[in-house]
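Per chain, numbering begins at 1; letters A, B, ... match sequence-line order.
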Protein chains: 2
Amino acid sequence: MSTKDDDQQALFVPNYLLYLLAAASEAASARFHAHVRTHGLRVPEWRVLACLTDWDGSMVTELARYAMIEQSRLTKIIIQMDKRGLVSRRSDPEDGRRVRVFLTDEGRTMAERLVADAKANERDLLNAFRDNTGKEIKQTLRTMIERLEAEAVARPAPEEPSRTGAGKARSKKTET
Amino acid sequence: MSTKDDDQQALFVPNYLLYLLAAASEAASARFHAHVRTHGLRVPEWRVLACLTDWDGSMVTELARYAMIEQSRLTKIIIQMDKRGLVSRRSDPEDGRRVRVFLTDEGRTMAERLVADAKANERDLLNAFRDNTGKEIKQTLRTMIERLEAEAVARPAPEEPSRTGAGKARSKKTET
DNA sequence: ACGGAATATATGAAAATTCATGTTTCTGGC
DNA sequence: GCCAGAAACATGAATTTTCATATATTCCGT
């Protein structure tokens, strides 16, 4: 027993919280993300559609936060989705700087179908962890996120890049 | 009360398991990832270093699995890290196809420092959830990953792209 | 009403990532 | 030993993503 894949005795990675979170997220999402791709959408696009089912007409910046996509990137994705007819962009009459994003009929159709699929998939997932593993996982994660985000604004992270001087952060374009 | 940020009553996204997992992962990692960048490393590079502290000398394919990075991408990242002197690549004498990756002294120094920082950061995180939120979170995630990966090999995901025929998956390069 | 500071998005160029496929090196029969 | 097929990496071209900044509006204080 235990010839392959180490017994991960005192290994760092397999027991590191951030790794476990990332790996769990990946593992749990893999199947559905593949499903999304069969519909001709990339994951970020699916996220946009999903967010719009909840917050149709929200502005780019908001959408970026909801969908966890950086603003500049989201702008480009939205422009593509617009050309493709999944969403429409209209500048806010109240504030000319803002661009509000709406689902088109086609976009809504696709969004609603995928959300339904997502819910079904989620049911299966939670079901597989019926015992207790998945029992309070959602609440746990919610609490986790809340606290972390609250802390993020409260304690905006220090700097301290160098310690011994060996690992000098290279300001983007140094060397090569 | 509840003017901003909705009461997320029956909203989909804020209660969707896959969203919660991704968001929790992001929120939990944000600070440390920023720390990593101040050391002139990108997240994937940090992952490689971390994995090598556990599995120094592993082959590219293994490393890719451990670090959750696609092979082709990892190859490119490793080549860069090699040039930069963080790792060294040597073809396996036992099997010429394989390329084994090792930490250089410099790489090990940086890796060990960051792993120490990561552990300290993890302590803080788990500490902040001392109550019970973070109590069994790790075990929960571990179980989750195990089951999901087991299931992934057992039930290799079906196909079923179209349902009504509306959302035809576009095979990469169809339409502009 | 004016100018400076904020906000909200858009953009461009450089770098990274993806996908499909090419190479090279083993493996297992025959 | 020889060969088809598999395995492990590397590559190239097309796309995406990133980062820094430009642009356009709105806000505010005076």
Side-chain angles (χ1 to χ4, degrees), chain A residues 4 26 30 33-34 36-38 40-48 55 57-84 87-102 169-176, chain B residues 4 26 30 33-34 36-38 40-48 55 57-84 87-102 169-176:
Chain A
K4 189 57 160 58
E26 279 236 338
H33 284 177
V36 165
R37 284 184 217 99
T38 69
L41 288 181
R42 282 166 302 164
V43 174
E45 295 170 329
W46 143 244
R47 286 187 172 152
V48 168
W55 302 286
S58 54
M59 46 186 280
V60 175
T61 304
E62 292 170 341
L63 208 47
R65 186 153 26 74
Y66 295 145
M68 307 191 288
I69 300 175
E70 188 266 334
Q71 179 266 314
S72 162
R73 172 141 89 108
L74 179 59
T75 289
K76 291 171 182 172
I77 291 173
I78 284 176
I79 290 176
Q80 287 180 161
M81 294 178 77
D82 186 342
K83 287 182 188 165
R84 189 163 157 190
V87 304
S88 73
R89 312 186 301 147
R90 326 179 200 154
S91 80
D92 188 325
E94 306 268 296
D95 184 336
R97 294 168 302 179
R98 300 179 174 174
V99 170
R100 298 203 166 272
V101 187
F102 298 84
R170 302 167 313 159
S171 58
K172 185 159 195 189
K173 265 152 212 154
T174 303
E175 127 182 352
T176 300
Chain B
K4 189 57 160 58
E26 279 237 339
H33 285 177
V36 165
R37 284 183 217 98
T38 68
L41 288 180
R42 282 167 301 163
V43 173
E45 294 170 330
W46 144 243
R47 286 187 171 152
V48 168
W55 303 287
S58 54
M59 46 186 280
V60 175
T61 303
E62 291 171 341
L63 208 48
R65 186 152 26 77
Y66 295 146
M68 307 192 288
I69 300 175
E70 187 266 334
Q71 179 266 315
S72 162
R73 173 142 88 106
L74 180 59
T75 289
K76 290 171 183 172
I77 291 173
I78 284 175
I79 290 175
Q80 286 180 163
M81 292 177 78
D82 185 342
K83 286 182 188 164
R84 190 163 156 189
V87 304
S88 73
R89 312 188 299 148
R90 327 180 200 154
S91 80
D92 188 326
E94 306 268 296
D95 184 336
R97 294 169 300 179
R98 301 179 174 174
V99 169
R100 300 203 166 271
V101 186
F102 298 85
R170 302 166 313 158
S171 58
K172 184 159 194 189
K173 261 148 216 159
T174 303
E175 121 185 358
T176 327

Rounded distance in Å - [atom1] ([X]) to [atom2] ([N]):
{"X": "A:Asp82", "N": "C:dA10", "atom1": "CG", "atom2": "P", "answer": "10 Å"}
{"X": "B:Leu41", "N": "C:dA16", "atom1": "CG", "atom2": "C1'", "answer": "16 Å"}
{"X": "B:Arg98", "N": "C:dC26", "atom1": "CZ", "atom2": "C1'", "answer": "9 Å"}
{"X": "B:Met68", "N": "C:dT17", "atom1": "CE", "atom2": "P", "answer": "14 Å"}
{"X": "A:Arg73", "N": "C:dA8", "atom1": "CZ", "atom2": "P", "answer": "21 Å"}
{"X": "A:Leu74", "N": "C:dT11", "atom1": "CG", "atom2": "C1'", "answer": "15 Å"}
{"X": "B:Ile78", "N": "D:dA8", "atom1": "CD1", "atom2": "P", "answer": "14 Å"}
{"X": "A:Glu45", "N": "D:dT16", "atom1": "CD", "atom2": "C1'", "answer": "11 Å"}

### Message
Is it the case that D:dA8 (base atoms only) and B:Gln71 (side chain only) share a donor and an acceptor within less than 3.5 Å, ignoring hydrogens and angles?
### Response
no
### Query
For the base of C:dT18, is there a side-chain donor-acceptor partner from B:Lys76 under 3.5 Å away?
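By the distance-only test, yes, there is a pair.
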### Message
To check you understand the geometry: which heavy-atom pair defines the closest contact between A:Val36 and A:Trp46, and what is its length?
### Response
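So the two residues come closest at CG1-CB, 3.6 Å.
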### Message
I need the minimum non-hydrogen distance between B:Arg73 and B:Pro44, along with the two atoms involved.
### Response
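Smallest heavy-atom distance, with atoms named: NH1-CG, 3.7 Å.
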### Message
The test is side chain to side chain contact (heavy atoms under 4.5 Å, CB included); show your working for A:Val101 and A:Glu62 and say whether it passes.
### Response
CA-CA 10 Å; A:Val101 187; A:Glu62 292 170 341; over 6 Å; no
Report each atom pair, protein N/O against N/O of nucleotides 23-25 of chain D, whose distance is under 3.5 angstrom.
residue : atom : partner : partner atom : Å
D:dT25  : O3'  : A:Gly96 : N            : 3.4

### Message
Please enumerate all residues that pass salt bridge (charged side-chain N to carboxylate O under 4.0 Å, His left out) together with B:Arg42, with sequence neighbours excluded.
### Response
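Checked B:Arg42 against salt bridge (charged side-chain N to carboxylate O under 4.0 Å, His left out); matches are B:Glu45.
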#### Entry: Partners meeting salt bridge (charged side-chain N to carboxylate O under 4.0 Å, His left out) with A:Asp82 (sequence neighbours left out)
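Result, salt bridge (charged side-chain N to carboxylate O under 4.0 Å, His left out) vs A:Asp82: A:Arg89.
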Please state whether the phosphate of [N], meaning OP1 or OP2, lies under 4.0 angstrom from any side-chain nitrogen or oxygen of [X].
{"X": "A:Gln80", "N": "D:dT16", "value": "yes"}
{"X": "A:Ser72", "N": "D:dA20", "value": "no"}
{"X": "B:Arg42", "N": "C:dA16", "value": "yes"}
{"X": "A:Thr61", "N": "C:dA8", "value": "no"}

#### Entry: Verdict with reasoning, B:Val99 to B:Asp92, per side chain to side chain contact (heavy atoms under 4.5 Å, CB included)
CA-CA 6 Å; B:Val99 169; B:Asp92 188 326; over 6 Å; no
### Task
Specify the residue among A:Glu70 and B:Ile79 whose closest nucleotide of DNA chain D lies further upstream toward the 5′ end.
B:Ile79
### Task
Indicate, with a heavy-atom threshold strictly under 4.0 Å, whether A:Arg89 touches base, sugar-phosphate, or nothing.
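Result for A:Arg89 = sugar-phosphate.
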### Task
Determine yes or no for a side-chain-to-main-chain donor-acceptor pair under 3.5 angstrom, with A:Arg100 supplying the side chain and A:Gly57 the backbone.
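Indeed, once roles are kept as given, a pair shorter than 3.5 Å links the two residues.
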